[in-house]
Amino acid sequence: MTVNLNPQPKSMINAFLVMFIIHTAQTGVGIAGLPRVVFMEASRDAWICVFLSGLTISLVLFVMVAILKSYESADLYGIHKDVYGKWLSVLFNCIYIVYLLCVTFIIMMNYIEMVQAWIFPKIQPWLVMGLLLILLAYGVSGGFRVVAGICFLGFIFAFWLVFMIYTPIKFMSFNHLLPIMTASPDELMKGIYKSSFSMVGFELLFVYYPYIKEKQKVLKYALIGSGYTTILFTVVTVVSIGFFSQETLMKTIWPVLSMFKILRIPNLERFEFIAVSFWMLIILPNICVYFWSAVRGMKRTFNLSHKKTILIFSIMIWSVSIFLENRTLINTITDRIATGSFILSFIYPFILFILVKFRTKLMKRRSDS
């Protein structure tokens with residue numbers, strides 16, 4: 001496994017697409033329940049936690065790009081080999097691949113739960129999982145350019161859902177947001193931690209960075225994509241707090257979808273049915289980027305072909321969905337993955353930055369001597 005990659009020009013994308021990939025990778029099922037999760041920790045200051053989490057992501061992106069600029073055109077798997085060596089890097093790569101697969105699985109299972117709760121209560125999870133995996137495998141098998149195209153089209157086709165927040169705004173009470181800054185520093189930190197799992201996805205820049213043409217523009221577009229996600233999530237949280245009473249918000253699992261209930265369109269009584277259906281366009285780019293990153297990791301680490309890896313991973317995910325139907329167990333697994341996600345996305349880049357800089361200085365001293 002080489003440290004630097006030189007993909008063919010036809011496999012690379014323009015830098016401006018990074019903002020769409022970053023945003024769609026961050027936006028998935030999590031936004032539907034984010035206001036409630038953070039509100040339970042920080043009360044009416046939940047929107048501040050979401051905003052601060054977005055600012056933290058911007059800082060992490062600065063560190064990530066600084067690491068990537070230390071190499072000509074490397075991804076995380078190659079950087080691991082350079083920092084940890086041939087054998088230890090395999091362990092770290094495997095941990096990251098397992099993490100990516102787990103996030104993919106959890107996103108899909110949470111969407112299936114959403115479908116069961118709002119549209120088809122008796123539908124079998126393995127059936128929906130199978131249909132999603134067919135779309136996922138077809139998209140990822142086309143390569144990274146196809147995945148980037150799915151992210152762009154997913155953003156365009158689902159963008160109209162943003163404007164549906166206008167109706168709940170008319171019925172919200174700003175008194176629910178006052179007074180501000182009543183949460184303690186400990187509660188704010190817990191709120192930031194809880195919102196972090198709903199906003200991850202930016203860390204995948206580590207994997208697809210070599211496939212970007214104008215690398216000097218990566219940071220700018222990554223910050224734009226992450227900034228848009230932060231604003232969107234903050235606005236949704238503010239509207240949810242203002243729309244629901246405190247007791248109702250804490251009992252509503254998916255407050256964003258619940259707000260769609262008040263929308264009325266001629267000849268359509270239940271608008272949330274359309275919202276849940278269109279939500280697949282939101283999670284499809286989300287899971288495609290994660291799944292492709294895991295598949296790419298197997299190619300880089302074990303030189304396993306993409307087609308074989310896609311087939312193996314798809315069968316694994318589908319098989320687990322058959323036996324894992326206990327909602328309590330899935331929630332427990334989600335919490336564990338959220339902890340791992342926080343470590344790998346928010347903490348690990350800083351550790352890796354120190355290791356890369358230390359190795360760079362060490363190699364420079366050796367060359368000088």
Side-chain angles (χ1 to χ4, degrees), residues 4-28 31 53-79 96 100 103-104 139-140 142-159 162 198-233 281-297 300 341 344-346 348-349 352-353:
N4 290 306
L5 283 173
N6 294 299
Q8 296 181 357
K10 64 179 182 180
S11 301
M12 302 178 74
I13 63 170
N14 292 320
F16 81 93
L17 287 172
V18 171
M19 61 183 176
F20 297 104
I21 300 173
I22 289 282
H23 170 68
T24 52
Q26 287 183 287
T27 309
I31 188 176
S53 182
L55 291 181
T56 306
I57 289 171
S58 298
L59 177 61
V60 177
L61 284 171
F62 272 105
V63 174
M64 288 173 58
V65 173
I67 294 172
L68 293 166
K69 283 184 176 180
S70 300
Y71 298 86
E72 182 182 344
S73 182
D75 60 1
L76 181 65
Y77 304 113
I79 295 172
Y96 204 78
L100 295 172
V103 174
T104 304
V140 173
F144 182 67
R145 281 179 66 90
V146 174
V147 172
I150 292 173
C151 292
F152 177 75
L153 292 177
F155 173 82
I156 297 298
F157 290 151
F159 185 70
V162 175
S198 297
M199 301 181 73
V200 294
F202 61 92
E203 74 279 8
L204 301 181
L205 178 64
F206 264 143
V207 182
Y208 57 78
Y209 179 80
Y211 292 86
I212 303 167
K213 292 179 181 178
E214 306 138 313
K215 291 182 170 52
Q216 70 278 8
K217 299 181 181 179
V218 168
L219 180 59
K220 178 179 73 173
Y221 289 115
L223 290 175
I224 291 174
S226 175
Y228 175 69
T229 303
T230 301
I231 293 171
L232 177 62
F233 280 38
L281 293 177
I282 295 176
I283 72 154
L284 184 59
N286 198 241
I287 58 179
C288 276
V289 182
Y290 272 101
F291 195 71
W292 177 87
S293 298
V295 170
R296 186 61 188 164
R300 293 279 284 145
S341 176
L344 290 175
S345 302
F346 287 86
Y348 183 60
L352 191 60
F353 176 79

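What you find for Pro285 and Gly154 is that their closest heavy atoms are CG-CA, 4.0 Å. Nearest heavy-atom pair across Val147 and Gly139 is CG2-O, 4.2 Å. For the residue pair Pro210 and Val207, the shortest heavy atom distance occurs at CD-O, 3.5 Å. For the pair Ile67 and Pro349, the tightest heavy-atom approach, listed with the atom from each and the gap, is CD1-O, 3.3 Å. Met12 approaches Ile212 most closely through the heavy-atom pair CE-O, 3.4 Å. Contact between Met199 and Ser53 at its shortest, heavy atoms only, is SD-OG, 3.7 Å.
Checking side-chain atoms of Ser198 against main-chain N and O of Ile31 turns up no donor-acceptor pair under 3.5 Å. Distance alone, capped at 3.5 Å, is enough to place a donor-acceptor pair between the Tyr290 side chain and the Gly201 backbone. A side-chain donor-acceptor contact under 3.5 Å links Ser345 to the backbone of Ser341.
One finds the CG atom of Asn6 at 12.0 Å from the OG atom of Ser11 (value rounded to the nearest 0.5 Å). Once rounded to the nearest 0.5 Å, the distance linking CH2 of Trp292 with CD1 of Ile21 reads 9.0 Å. Atom OG1 of Thr24 sits about 11.0 Å away from atom CZ of Phe152, to the nearest 0.5 Å. A distance of 14.0 Å separates OH in Tyr221 from CD1 in Ile22, rounded to the nearest 0.5 Å. Note: Met64 CE to Phe206 CZ = 4.5 Å, rounded to the nearest 0.5 Å. Distance CG/Leu232 to NE2/His23: 6.0 Å, rounded to 0.5 Å.
Contact check for Thr230 versus Leu55: no side-chain heavy atoms found under the 4.5 Å cut-off. In this structure the side chain of Arg296 reaches within 4.5 angstrom of the side chain of Leu5, judged on heavy atoms. In this structure the side chain of Val65 reaches within 4.5 angstrom of the side chain of Leu205, judged on heavy atoms. Two residues are said to be in side-chain contact when any heavy atoms from C-beta on lie closer than 4.5 Å; Tyr209 and Leu76 fail this criterion. A 4.5 Å side-chain heavy-atom check between Leu352 and Val63 finds every atom pair outside the cut-off. Between Tyr211 and Asp75 the shortest side-chain heavy-atom distance does not fall below 4.5 Å.
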Using the side chain to side chain contact (heavy atoms under 4.5 Å, CB included) rule, take Leu204 and Leu100 through it: C-alpha gap first, then chi angles, then the decisive distance, then the call.
CA-CA 9 Å; Leu204 301 181; Leu100 295 172; 3.4 Å; yes
Checking Val18 against Lys220 for the side chain to side chain contact (heavy atoms under 4.5 Å, CB included) test, could you report, in this order, the C-alpha distance in whole Å, the side-chain angles of both residues, the deciding distance, and whether it holds?
CA-CA 9 Å; Val18 171; Lys220 178 179 73 173; over 6 Å; no
Walk me through whether Glu203 and Leu344 qualify under side chain to side chain contact (heavy atoms under 4.5 Å, CB included).
CA-CA 8 Å; Glu203 74 279 8; Leu344 290 175; over 6 Å; no
Could you walk me through whether Lys215 and Leu68 pass side chain to side chain contact (heavy atoms under 4.5 Å, CB included), step by step?
CA-CA 10 Å; Lys215 291 182 170 52; Leu68 293 166; over 6 Å; no
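Between Phe144 and Tyr208, the ring planes are parallel. Angles under 30° get that label, and only those over 60° would be called perpendicular.
Ring centroid separation for the pair Tyr228 and Phe20 does not come in under the 6.0 Å cut-off.
Both tests do not hold together for Lys217 against Phe16: distance to the six-membered ring centre under 6.0 Å, angle to the ring axis within 45°.
Counting heavy-atom neighbours within 6.0 Å of Gln8 CD, excluding the residue itself, gives a total of 12 or less.
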